[in-house]
Amino acid sequence: MQKLSLKQSLNQKLTPQQIQFLKLLQVPTAELEMKIKAEIEENPVLEEGGTDAEDDNFNENPEESDAKTDEQNTDFEDNLKDFLADDDYAGYKMQGDGFNEEGNKEIPMPDLGSLNETLVLQLDHLKLNEREHTIGKQLLGSLDADGYIRRDLDAISNDLAFALNIDADVAEIENVLFKIQSFDPAGICARDLRECLLIQLRRKEHINKITQTAIFILDEYFEEFSKKHYAKIISKLEIEENDFKEAIQ
């Protein structure tokens with residue numbers, strides 16, 4: 001005889017607003033404070049703090065007060081959405097958070113373990129001696145979640161000395177690093193954005209004049225490029241504006 005049973009479960013779904021605030025909590029405090037101050041300066045409707053605004057509301061007509069509060073809340077939510085969608089923060093600890101914009105469908109999280117396994121397999125295919133292979137594994141173990149190696153090579157040298165009794169100087173470590181930077185995906189194991197872009201450009205199948213210009217800009221004028229001082233770069237390179245735009249593209 002079949003038995004019937006009831007099973008009660010409790011599922012909790014986050015609203016889009018809750019997800020946005022969770023993302024907001026992941027942004028560094030100093031950067032968040034700067035962004036809030038900038039928004040307050042640009043938008044006169046927004047106010048910092050709540051004491052003065054609340055006191056003013058007591059002296060207003062209740063209906064006018066409610067209308068003003070709704071307007072402030074709407075402005076705040078709009079600015080918050082713009083802030084969270086800002087390109088500067090879109091990639092900061094927000095990728096693979098498990099939710100899409102609607103907040104009700106899970107998105108597969110990136111499998112960093114699989115990436116590391118893929119890199120180790122590529123390392124095994126390099127013609128390295130045992131010492132170089134060990135240095136390579138140490139470098140892969142120093143990868144950040146976004147694929148950069150931000151740990152100073154001197155520090156990695158110390159790690160090798162203390163943990164593995166391998167006395168490797170920066171030049172030797174860097175030699176192995178350059179070999180690892182030939183791995184897929186292109187740009188992996190770069191130490192900064194400039195190096196990441198250069199790795200990708202230099203791995204293009206066909207390096208034409210425009211690509212060479214792009215490489216030269218990153219090599220010689222990265223500071224101007226990062227600050228978008230394009231007119232200065234065009235003047236120094238003495239090239240046509242259209243050629244420069246193609247190189248930037």
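When reading the values below, keep in mind they use all heavy atoms of this one structure, side chains included, and skip hydrogens, waters and symmetry mates. Just so it is clear, the structure is predicted and the values come from calculations on it, not from any experiment.
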Separation between [atom1] of [X] and [atom2] of [Y], rounded to the nearest 0.5 Å:
{"X": "Thr213", "Y": "Glu246", "atom1": "OG1", "atom2": "CD", "result": "9.5 Å"}
{"X": "Ser157", "Y": "Ile166", "atom1": "OG", "atom2": "CD1", "result": "10.5 Å"}
{"X": "Ile199", "Y": "Ile188", "atom1": "CD1", "atom2": "CD1", "result": "9.0 Å"}
{"X": "Thr118", "Y": "Leu123", "atom1": "OG1", "atom2": "CG", "result": "12.5 Å"}
{"X": "Ile180", "Y": "Cys189", "atom1": "CD1", "atom2": "SG", "result": "5.5 Å"}

Requested in this report: State whether the side chain of Glu238 and the backbone N or O of Ser235 hold a donor-acceptor pair below 3.5 Å, judged by distance alone.
Outcome: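 Checking the backbone N and O of Ser235 against the side chain of Glu238, no donor-acceptor pair under 3.5 Å is found.
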
List the atom pairs, donor and acceptor, that lie under 3.5 Å between side-chain atoms in residues 134-143 and the rest of the protein, sequence neighbours left out.
unit_1	atom_1	unit_2	atom_2	d
Thr134	OG1	Glu130	O	2.9
Ser142	OG	Gln138	O	2.9

Query - Connected hydrophobic set around Ile217, excluding itself, where side chains approach under 4.5 Å - result: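 The other cluster members (ILVMFWY side chains, heavy atoms under 4.5 Å, direct or chained) are Tyr148, Leu193, Leu197, Leu198, Leu201, Ile215, Phe216, Leu218, Tyr221, Phe222, Phe225, Tyr230, Ile233, Ile234, Leu237, Ile239, Phe244, Ile248.
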
Report task. List, by chain and number, the other hydrophobic cluster members for Ile207, where Ile, Leu, Val, Met, Phe, Trp and Tyr join if side-chain heavy atoms come within less than 4.5 Å, directly or indirectly. Result ->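 When side chains under 4.5 Å apart are linked, Ile207 ends up in no cluster with other residues.
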
With [X], which residues qualify under salt bridge (charged side-chain N to carboxylate O under 4.0 Å, His left out), at least two apart?
{"X": "Glu223", "value": "Lys227"}
{"X": "Lys236", "value": "Glu224"}
{"X": "Asp219", "value": "Arg194, Arg202"}
{"X": "Arg150", "value": "Asp144, Asp146"}

Under 3.5 Å, side-chain donor or acceptor atoms of residues 168-176 against the rest of the protein: list the pairs with distances, not counting sequence neighbours.
unit_1	atom_1	unit_2	atom_2	d
Asp169	OD1	Ala171	N	3.4
Asp169	OD1	Glu172	N	2.8
Glu172	OE1	Arg131	NH2	3.1
Glu172	OE2	Arg131	NE	2.6
Glu174	OE2	Arg191	NH1	2.9
Glu174	OE2	Arg191	NH2	3.2

Report task. State which residues pass side chain to side chain donor-acceptor pair (under 3.5 Å) with His133; sequence neighbours excluded, sorted by chain then number. Result ->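 His133: side chain to side chain donor-acceptor pair (under 3.5 Å) contacts with Asp124.
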
Report task. Output all residues satisfying side chain to side chain donor-acceptor pair (under 3.5 Å) with Asn242, sequence neighbours left out; order by chain, then residue number. Result ->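 Expected list: none.
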
Requested in this report: Taking all non-hydrogen atoms of both residues into account, name the closest pair between Ala214 and Ala247 and its distance.
Outcome: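 Heavy atoms only, the tightest pair is CB-O, 3.5 Å.
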
**Report entry** Non-neighbouring partners of Ala186 that pass side chain to side chain contact (heavy atoms under 4.5 Å, CB included), sequence neighbours left out
**Finding:**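 With sequence neighbours excluded, Ala186 shows a side chain to side chain contact (heavy atoms under 4.5 Å, CB included) to Gln200, Arg203, given in chain and number order.
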
Query raised in the report: Does Phe178 share a hydrophobic cluster with Leu119, counting links as ILVMFWY side-chain heavy atoms below 4.5 Å and allowing steps through other members?
Result: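 Each belongs to a different hydrophobic cluster.
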
Query raised in the report: Should we count CG of Asp184 as having more than 12 external heavy atoms under 6.0 Å?
Result: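 Yes, because the 6.0 Å sphere around CG of Asp184 holds more than 12 heavy atoms from other groups.
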
Report task. Could you go through the side chain to side chain contact (heavy atoms under 4.5 Å, CB included) check for Leu128 and Lys179 one step at a time? Result -> CA-CA 10 Å; Leu128 302 177; Lys179 294 178 181 179; 3.9 Å; yes

Query - Pair listing, salt bridge (charged side-chain N to carboxylate O under 4.0 Å, His left out) test, anchored in residues 151-163, at least two apart - result: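 Qualifying pairs, neighbours excluded: Arg151-Asp159.
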
